[in-house]
Protein chains: 2
Amino acid sequence: MKKKKISITDLAKELNVTPSTVSRALNGLGSISTKRKEQIVNLAQKYGYRPNHIAKSMVSNKTFNIGLILPEFTHNYFNKILAGIESITYQKGYQLLICTSDALKEKEEKSCLTLLDARVDGILAAAGNSSDNLDHFSKIIDYGTPLVLLDRICEDLNTSYVITDDFDGAFEAVQYLIDSGCRNIVHIKGPDYISTSFNRFLGYQEALRKNGLTYREELVIAGDSESFVDDVNNTLNTFPIDAFFAFSDYNAFDIVKVLKQRHCKIPEEISVIGYADEPLAQYISPQLSTVKQPAYEIGKRAAEILLKIIEENIELPMTEQLKTSLVHRETTKNSH
Amino acid sequence: MKKKKISITDLAKELNVTPSTVSRALNGLGSISTKRKEQIVNLAQKYGYRPNHIAKSMVSNKTFNIGLILPEFTHNYFNKILAGIESITYQKGYQLLICTSDALKEKEEKSCLTLLDARVDGILAAAGNSSDNLDHFSKIIDYGTPLVLLDRICEDLNTSYVITDDFDGAFEAVQYLIDSGCRNIVHIKGPDYISTSFNRFLGYQEALRKNGLTYREELVIAGDSESFVDDVNNTLNTFPIDAFFAFSDYNAFDIVKVLKQRHCKIPEEISVIGYADEPLAQYISPQLSTVKQPAYEIGKRAAEILLKIIEENIELPMTEQLKTSLVHRETTKNSH
DNA sequence: ATCATTAAGGCAAACGTTTGACTGGAATTT
DNA sequence: AAATTCCAGTCAAACGTTTGCCTTAATGAT
């Protein structure tokens with residue numbers, strides 16, 4: 001059975017002083033005689049007094065809790081983000097209240113309410129891919145709770161963001177492919193309504209354009225399609241493909257599998273670049289070249305920004321863009 | 001700026017009733033005329049009233065928060081535990097307050113205090129270190145907060161446990177290797193200060209002993225050493241090795257890589273068994289045989305037990321031991 | 001017409017803490 | 001000696017909610 005903890009009032013009674021005196025003694029505020037203070041501190045020590053954060057929250061309207069909404073925890077990407085966030089919140093004395101959304105809009109909405117009800121001081125959220133509509137987040141903003149969104153920009157939502165430069169990451173990857181001699185580069189595209197996948201798509205196009213290669217719609221395949229593997233095979237049968245740039249590592253894994261089945265030489269005949277640098281990338285054979293997102297850093301920066309907003313009462317939203325880096329492994333040729 | 005949320009008192013004022021009436025109307029308790037009730041509910045709706053959980057906690061002495069202490073989140077094992085826990089707590093309307101300990105006793109202690117200070121309804125913890133001093137956990141017990149420990153039993157601590165049998169898991173794995181004809185079995189050992197790795201080490205030794213094989217210190221390699229890959233190669237050069245039993249899948253992956261470089265036939269010449277069944281195990285080639293820990297289940301059961309203790313006010317501790325299972329894939333021979 | 005019952009809702013305390021305003025007395029200044 | 005300052009504390013309200021007890025008025029039974 002949960003025992004009643006000793007309270008400031010209990011201490012006050014035992015010493016025949018008022019709770020205010022005890023509070024001030026313990027917090028070192030107001031003026032209290034050294035003798036009294038010592039007496040109070042000693043008694044608190046003796047009983048192992050611990051302040052009640054809940055009661056504190058009531059009066060201060062501050063919980064030192066940060067809400068975190070992530071789609072799931074089974075992907076390395078989100079774990080690293082979590083680890084990054086935690087490194088900051090721990091240091092600053094905040095606790096993390098976590099919610100998983102399973103990338104379902106419904107659960108995401110519910111999580112927002114739950115966290116708001118819990119009166120968290122701020123919220124960090126990575127919107128799942130399935131929600132093209134982010135109204136539930138505007139509820140957070142309306143209430144005035146600081147919000148930092150990870151990974152995806154949403155034009156309509158006037159809040160802070162920490163994102164990686166998807167355009168640039170994609171551009172760099174495709175530029176590398178071109179530099180290493182590839183000319184017929186397929187892009188595996190993610191859902192259109194997600195800013196990240198759209199930006200990678202744009203980066204792909206821009207890299208082609210800048211190098212005088214024409215963009216061909218036939219060389220773009222939807223990565224989330226049912227017929228994905230078939231589409232890849234068809235494209236390989238129809239065009240003289242020499243490279244793939246995929247929206248995600250998982251798509252890239254599938255492509256490597258297909259190419260191995262077709263006894264294609266990787267990377268001599270066909271190069272492959274993925275996106276995210278999942279740990280798997282290093283373990284498959286050949287090891288996957290990929291665009292590395294600084295997940296830990298993203299979490300860290302997002303937490304830093306959120307706490308800055310909370311503690312310095314900053315009103316205007318800020319956006320921070322982190323750099324990706326191309327990891328050259330075994331599915332790409334050396335560029336000249 | 002954080003806006004003040006509408007409170008029960010605000011609603012009460014606007015309708016010239018008392019807060020008690022509003023509270024009862026909203027909770028459907030006490031007797032209130034249908035008209036009044038409707039009026040109150042409508043107004044609450046209009047203003048988007050949301051109850052303040054903090055205030056509720058003050059009077060009920062219940063937070064609907066569960067504290068969670070894990071060493072880290074970058075390993076799949078703990079993520080799965082987290083996912084398992086979350087699946088239960090979400091369903092029962094509890095929130096998770098998470099703390100990472102980095103397997104440091106100091107942080108672990110601090111986390112205990114933090115969670116206690118936050119007045120969580122219960123705590124789930126996976127102890128990270130092997131120190132026999134678990135005073136910080138006994139503090140939780142002393143205060144009467146329900147506690148379920150994961151993964152590791154501590155004799156002195158009279159509380160509930162959900163564990164897997166590392167000794168047994170290791171024993172079974174090594175027994176399998178012996179049954180399939182291996183005699184010179186290398187063990188890749190985890191850090192000494194982690195009890196799980198130590199127990200697996202003991203299981204390895206016991207399996208050898210029981211089968212009349214002598215334990216040889218030279219066949220034990222530290223998995224976390226800088227020179228790990230060199231050590232493996234040296235051992236392979238020096239002894240007629242026919243199997244590896246690794247403390248973790250990641251070590252096993254590295255070994256497979258080394259063996260492939262040496263053009264060793266797996267499993268004909270050398271067998272490999274890992275530990276944990278990381279998702280990667282199925283993606284590498286050959287697919288890794290490994291000891292599967294039911295991580296998701298562990299989390300789930302631990303959460304179930306904790307909530308049972310909390311909600312049914314159960315006093316006596318319970319221990320549940322979950323079975324590991326050997327997953328036979330492509331890095332082990334069939335046993336006779 | 002009288003008494004008992006009940007429905008509807010008010011009152012106030014409680015949870016643990018903080019904080020602005022106040023007070024009584026001692027110490028200091030003029 | 002009177003006026004001023006300062007120290008050490010007290011008082012009470014506030015945060016938002018719940019809940020046991022009480023009051024009022026209406027309803028029903030006799």
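Letters go in sequence order (proteins before strands), and every chain restarts at 1.
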With a cut-off of 3.5 Å and sequence neighbours excluded, list every side-chain donor-acceptor pair involving residues 65-72 of chain B.
| from | atom 1 | to | atom 2 | distance (Å) |
| --- | --- | --- | --- | --- |
| B:E72 | OE1 | B:T74 | N | 2.8 |
| B:E72 | OE1 | B:T74 | OG1 | 2.8 |
| B:E72 | OE1 | B:H75 | N | 3.0 |
| B:E72 | OE2 | B:H75 | ND1 | 3.1 |

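Protein chain A touches strand DNA chain D; the 5'-most and 3'-most nucleotides with an atom under 4.0 angstrom of its non-hydrogen atoms are D:dA8 to D:dG16.
For A:S195, there are no side-chain hydrogen bond (donor to acceptor under 3.5 Å, both in side chains) partners, not counting sequence neighbours. Listed by chain and residue number, B:V17, B:I32, B:S33, B:Q39, B:I40 satisfy the side chain to side chain contact (heavy atoms under 4.5 Å, CB included) test with B:R36 (two or more places apart in sequence, or in another chain).
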Can you check nucleotides 9-11 of chain C for protein contacts, nitrogen or oxygen pairs under 3.5 Å, and list what you find?
| from | atom 1 | to | atom 2 | distance (Å) |
| --- | --- | --- | --- | --- |
| C:dG9 | OP1 | B:R36 | NH1 | 3.3 |
| C:dG9 | OP2 | B:S33 | N | 2.8 |
| C:dG9 | OP2 | B:S33 | OG | 3.4 |
| C:dG10 | OP2 | B:T18 | N | 2.9 |
| C:dG10 | OP2 | B:T18 | OG1 | 2.9 |
| C:dG10 | OP2 | B:T21 | OG1 | 2.5 |
| C:dG10 | O6 | B:R24 | NH2 | 2.5 |
| C:dC11 | N4 | B:S20 | OG | 2.9 |
| C:dC11 | N4 | B:R24 | NH2 | 3.4 |

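A straight line from CD of B:Q39 to C1' of C:dA8 spans 13 Å, rounded to a whole angstrom.
Residue pairs meeting the ring pair (Phe, Tyr, Trp, His ring centres under 6.0 Å) criterion with at least one member in residues 28-52 of chain A, sequence neighbours excluded, do not occur. Applying the ring pair (Phe, Tyr, Trp, His ring centres under 6.0 Å) definition to pairs two or more places apart or across chains, those involving residues 76-101 of chain B are B:F64-B:Y94. Within the structure, every pair that satisfies the salt bridge (Lys or Arg N to Asp or Glu O under 4.0 Å) test and touches residues 80-96 of chain B, not counting sequence neighbours, is listed here: B:K92-B:E311. Counting only residues at least two apart or on different chains, the salt bridge (Lys or Arg N to Asp or Glu O under 4.0 Å) pairs with a member in residues 117-126 of chain A are A:K62-A:D121, A:D117-B:R50, A:D121-B:K2. Applying the ring pair (Phe, Tyr, Trp, His ring centres under 6.0 Å) definition to pairs two or more places apart or across chains, none involves residues 26-46 of chain A. Among residue pairs with one or both ends in residues 142-151 of chain B, none qualify as salt bridge (Lys or Arg N to Asp or Glu O under 4.0 Å); sequence neighbours excluded.
If you check every strand for non-hydrogen atoms under 4.0 Å, A:T9 touches a base.
Summary of the strand contacts: A:L29 and A:K5 both lie near DNA chain C, and taking for each the nucleotide with the nearest heavy atom, the more 5' one is attributed to A:K5.
Taken to the nearest 0.5 Å, the CD atom of A:Q321 stands 7.5 Å off from the CD1 atom of A:I153.
Within residues 52-62 of chain B, the residues approached by DNA chain C to less than 4.0 Å at the level of any non-hydrogen atom are B:M58, B:V59, in residue-number order.
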